[in-house]
Amino acid sequence: MRVLVIGASGVIGARLVPRLRERGHEVIGTARSPGHAGRLRTLGAEPVVLDLLDAPAARRAVLEARPEAIIHQATALADARFSRNFDRTFAVTNRLRSEGTDTLLAAAREAGVRRFVAQSFAPFRYAREGGPVKTEDDPLDPAPPKTARQGSAAMRHLEEAVTGAGGIALRYGGFYGAANDGLVPAVRKRQFPIVGDGGGVMSFIHLDDAAAATVLALEDGRPGIYNITDDEPAPVREWLPVLAEALGAGPPRRVPSWLARLIMGGTMVMMTEARGASNAKARRELGWTPRYPSWRQGFAAAYRPQEAVRV
């Protein structure tokens, strides 16, 4: 297929391009900065400089590329750091997931694109009730924290728009495996504590596994939503000490819930009440098997080779 990867220079896109080329696909990749064009060319993509929020330019890019498929991986999270206000951190990304998605879908219809795959997110989004691990059919949180409402609405919009158009939305787990992973500095400095009992459940995915699943979804996935996560959703009290150890940092501090609420506001509930996501559908329908079935092996592979300073 002739595949247009939007956001091809990002952490997922840069892993997708070589995999798509290995599978025999022709790849056109977009990046916001001209400086990334050379890198995309090296990876095997025909580079296009594009700001997805420039709707006329995005339409032209799609029509000129003449793709058979589009993979929407555009975010604005390079070098993003952990923050108590998710919506402030994700402000531009929220626009890319709402306005940008609408622009791409309209251009895709005009260009007769047959396949459309888009990036979404699984952690912190499922209703904070019932069992600890949720499937794609379980309800989303009807009342997300105040500082994450815009992001929640943007992802819901993306998923409804994409699947309504016959496309695929991938709810990735928390990414890790990049040099600029957002959690790493905070964990190294012991600024990411275990709140209360640390019972909030997180689902992770190594970036390489996310890219592999995305290629399979493009080639064989049926329209709908897929959780792209590893096999072991786990509470904060289990995974955070393992990540700290892999980074060579001291053990995470513990903070009582009442104090965390004062400091972190409503986002604190994510640390104590969040639900994880099951990958059973992706395994079953895509024939996907993650290389790192658990963050336990994945953290070690991603971070132990790096030099780390104990704080």
Side-chain angles (χ1 to χ4, degrees), residues 1-80 92-93 96-97 100-101 103-120 158 162 167-170 172 175-181 205-221 226 228 286 288 291:
M1 279 186 284
R2 185 170 170 84
V3 183
L4 174 60
V5 180
I6 307 295
S9 63
V11 293
I12 287 287
R15 289 165 169 79
L16 266 175
V17 171
R19 288 178 179 272
L20 289 167
R21 295 288 293 147
E22 289 170 3
R23 304 278 287 191
H25 301 294
E26 183 180 359
V27 182
I28 308 96
T30 77
R32 293 182 65 189
S33 167
H36 289 134
R39 182 188 183 200
L40 289 179
R41 191 174 287 109
T42 299
L43 291 172
E46 175 187 337
V48 174
V49 177
L50 175 66
D51 178 357
L52 181 56
L53 295 178
D54 181 343
R59 174 181 175 272
R60 286 195 304 272
V62 172
L63 295 179
E64 291 173 3
R66 298 175 291 103
E68 299 170 87
I70 293 176
I71 301 179
H72 176 13
Q73 294 285 349
T75 66
L77 297 174
D79 300 316
V92 178
T93 296
L96 291 168
R97 287 173 170 163
T101 298
T103 296
L104 285 176
L105 286 172
R109 286 192 294 270
E110 187 175 354
V113 175
R114 296 187 295 107
R115 304 281 290 174
F116 196 103
V117 179
Q119 176 188 140
S120 190
L158 178 148
V162 168
I168 294 170
L170 302 179
Y172 295 114
F175 291 142
Y176 69 93
N180 61 345
D181 286 342
I205 190 69
H206 192 287
L207 286 162
D208 290 340
D209 283 331
T214 303
V215 173
L216 293 175
L218 172 74
E219 295 178 339
D220 299 313
Y226 295 84
I228 305 300
L286 302 180
W288 170 66
R291 178 182 179 187

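Thr103 pairs by the side chain to side chain contact (heavy atoms under 4.5 Å, CB included) definition with Ala55, Ala58, not counting sequence neighbours. Residues meeting the side chain to side chain donor-acceptor pair (under 3.5 Å) test with Thr30, sequence neighbours left out: none. Judged as a side chain to side chain donor-acceptor pair (under 3.5 Å), and not counting sequence neighbours, the contacts of His25 are Glu219. With sequence neighbours left out, Val92 forms a side chain to side chain contact (heavy atoms under 4.5 Å, CB included) with Leu53, Ala76, Leu96. Applying the side chain to side chain donor-acceptor pair (under 3.5 Å) rule to His72 yields the partners Thr101; only residues at least two apart in sequence or on another chain are considered. Remark: Phe116 engages no residue in a ring-ring contact (aromatic ring centres under 6.0 Å, His included) (not counting sequence neighbours). Not counting sequence neighbours, the partners of Tyr226 by the side chain to side chain donor-acceptor pair (under 3.5 Å) test are Glu285.
Annotation for Leu286 and Leu216: closest pair O-CD1, 3.7 Å, computed over non-hydrogen atoms. Heavy atoms only, all atoms of each residue included: Val162 and Ala169 are closest at CG1-N, 4.3 Å. In this structure, Ala108 and Val62 approach most closely via the heavy-atom pair N-CG1, 4.3 Å. Looking at every heavy atom in both residues, Pro67 comes nearest to Val113 through O-CG2, 3.6 Å. The nearest pair of heavy atoms linking Ala31 to His36 is CB-CB, 3.8 Å. In terms of heavy-atom proximity, Gln119 sits nearest to Thr75 at OE1-CG2, 3.5 Å.
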Checklist entry - Where do Phe175 and Ile205 land on the side-chain contact (heavy atoms from CB on, under 4.5 Å) test, with the steps shown first? => result CA-CA 5 Å; Phe175 291 142; Ile205 190 69; 3.6 Å; yes
Item to check | Derivation of the side-chain contact (heavy atoms from CB on, under 4.5 Å) call for Leu218 and Leu20 | outcome: CA-CA 10 Å; Leu218 172 74; Leu20 289 167; 3.6 Å; yes
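Applying the salt bridge (charged side-chain N to carboxylate O under 4.0 Å, His left out) rule to pairs touching residues 38-47 yields Arg2-Glu46, sequence neighbours excluded. Annotation: salt bridge (charged side-chain N to carboxylate O under 4.0 Å, His left out) contacts involving residues 52-66, sequence neighbours excluded, comprise Arg59-Glu110.
By the neighbour-count criterion of 12 heavy atoms within 6.0 Å, atom CZ of Arg19 is densely surrounded, having more than that number from other residues, nucleotides or ligands.
To the nearest 0.5 Å, atoms CG (Asp209) and CD1 (Ile228) are separated by 10.0 Å. Asp181 contributes atom CG, which lies 12.0 Å from atom CG of Leu77 (distance to the nearest 0.5 angstrom).
Not one N or O on the side chain of Arg97 forms a donor-acceptor pair closer than 3.5 Å with the backbone of Leu158.
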For residues 5-16, please give each side-chain donor-acceptor pair under 3.5 Å, one per line with the distance, not counting sequence neighbours.
from, atom 1, to, atom 2, distance (Å)
Arg15, NE, Asp208, OD1, 3.0
Arg15, NH1, Val11, O, 2.9
Arg15, NH2, Gly177, O, 3.4

